[in-house]
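Presented below is the structure to which this report refers.
Keep in mind that what you see is a predicted model, and the values were worked out from it rather than measured.
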Amino acid sequence: MLFQVGGQGTRPTFFEMAAAQQLPSSLRAALTYSLGVLALRRPFIHKILDYEDECFALLTLVLETHSLRTTDGSFAESLYGLRRRAVNIKVKGDNKGLDAREEINHTGLEKRQKVLSVVFLVILPYLRSKLHSIYNKEREAALQASLWGTEDERFGDTDYFDGNGNSIVSTSSSDTEESVRDRLRKKIRKIVAVCYPWIHAGNEGLSFAYQLLYLLDATGFYSLGLHALGIHVCRATGQELMDTSSRISKIRSRERERLRGPPWLKAVQSALLSCAYGVLDYAQTGLIAAVFFFKMMEWWYQSAEERMSAPTVYPPPPPPPPPKVAKDGIPLPTDRTLCPLCSQKRANPSVVAVSGLVFCYSCVFRYVSQYKRCPVTLMPATVDHIRRLFHDV
């Protein structure tokens, strides 16, 4: 399936290169959307979504390796009828003279260039995605801290119940000890949060510069990665497309000839290879269909105006800290079902809104009416702050 956009010669147009470059991101969005829909009925798919970066990197590794091996182009480039060619520049004439000119010759890719192409197409995008994820988490944490305060400020020096609710433990933020691994992880995240915007801005700036120069026909390299590898992306001619098909057939037949073992084992291995090749061919077609389906759904459900007017999503506020027992206040019992005032099982449980602690209604009503405060935290309170709790016993 090839999509030629027009133009003359072997040099692809800017729109062909842009479409080939944006295809992997569209493919990832389509797969993520499809898995998210399936996860609504099959919860185990959430495990795949938890490792989205790793799964997509593994998928692209298989696709890009196979495509570079058979077509001398990336998966997206081969779908648009493009091929990668090594650049050999020869200078003709006197090097010191004004009439010297350069002649560019294109040759096939070397093994080193194919390996480095996989690095630029798979590993670097994976690392960029992980850095972007770490940066987003740190930015969200910084935004949450600016709105609600840091975790140490909200939970430091407080008294709270343990997980079973049977005892109260007093902790201080200065007493918490972090492991070396946790401190190193936090330090790396802070470094990424500081450096990533500059790295991202530099990468986007270089990409824009190369794309602008390519659009103005000032360079034959569409990106910095292609320039570093010394590779031009060219249109495939009709003969090259036919040669590619024959090359794929020769590679597959050569792999079948390498099979060793009894005849029945060779037959089984050959059948497995045929199934694998068939699945790979159908997978390529299915991935392209998924991309176009996702683009159609994106256009259908969300317009540009809605994206521009969407409000900023802020993180949810953290839970309030546990109530702090005042120095002269009534201590809390270890059993959470007992009333702190009468030390008996609560009757008609009622909560004091200013502290969130629960007492017997009669006990807390008499105490608050007399002292105008919470018995435990000594925070100012009135009988209007008493709320009756209704629950199934």
Taking the side chain as C-beta and beyond, is there a heavy-atom pair between [X] and [Y] under 4.5 Å?
| X | Y | value |
| --- | --- | --- |
| V87 | I231 | no |
| V118 | I123 | no |
| N136 | S133 | no |
| V233 | M17 | yes |
| R373 | V354 | no |
| E110 | K114 | no |
| R83 | S78 | yes |
| P340 | F359 | yes |

Would [X] and [Y] show up in the same hydrophobic cluster when neighbours are defined by side-chain heavy atoms closer than 4.5 Å?
| X | Y | result |
| --- | --- | --- |
| L341 | Y371 | yes |
| L58 | L63 | no |
| Y367 | L338 | no |

Taking only residues at least two apart or on different chains, which pairs with a member in residues 326-357 satisfy ring pair (Phe, Tyr, Trp, His ring centres under 6.0 Å)? none
List, by chain and number, the other hydrophobic cluster members for I134, where Ile, Leu, Val, Met, Phe, Trp and Tyr join if side-chain heavy atoms come within less than 4.5 Å, directly or indirectly.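 Via sub-4.5 Å side-chain contacts, I134 links to L131, Y135, L184, I188, V192, Y196.
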Steps toward side chain to side chain donor-acceptor pair (under 3.5 Å) verdict (T13, E16): CA-CA 5 Å; T13 63; E16 287 176 296; 3.2 Å; yes
How would you list, by chain and number, every residue that makes a side chain to side chain donor-acceptor pair (under 3.5 Å) with R346, sequence neighbours excluded? none
Identify the heavy atoms of [X] and [Y] that sit nearest to each other, and give their distance.
| X | Y | value |
| --- | --- | --- |
| D72 | L109 | O-CD1, 4.0 Å |
| P24 | F56 | O-CZ, 3.6 Å |
| V122 | E64 | CG2-CG, 4.0 Å |

Taking the six-membered ring for Trp, are H132 and H200 parallel (under 30°), tilted (30 to 60°) or perpendicular (over 60°)?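 H132 vs H200 ring planes: tilted.
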Angle class for the Y222/F14 ring planes (parallel below 30°, perpendicular above 60°, tilted otherwise)? tilted
Is the charged tip of R366 near the ring of Y361: under 6.0 Å from the six-membered ring centre and within 45° of its axis? no
Cation over ring, R128 on Y126, under 6.0 Å and within 45°? no
Between the side chains of R84 and S117, does any donor sit under 3.5 Å from an acceptor?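 Side-chain D/A pair, R84 to S117: present.
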So, are R185 and D182 salt-bridged, with charged N and O less than 4.0 Å apart? yes
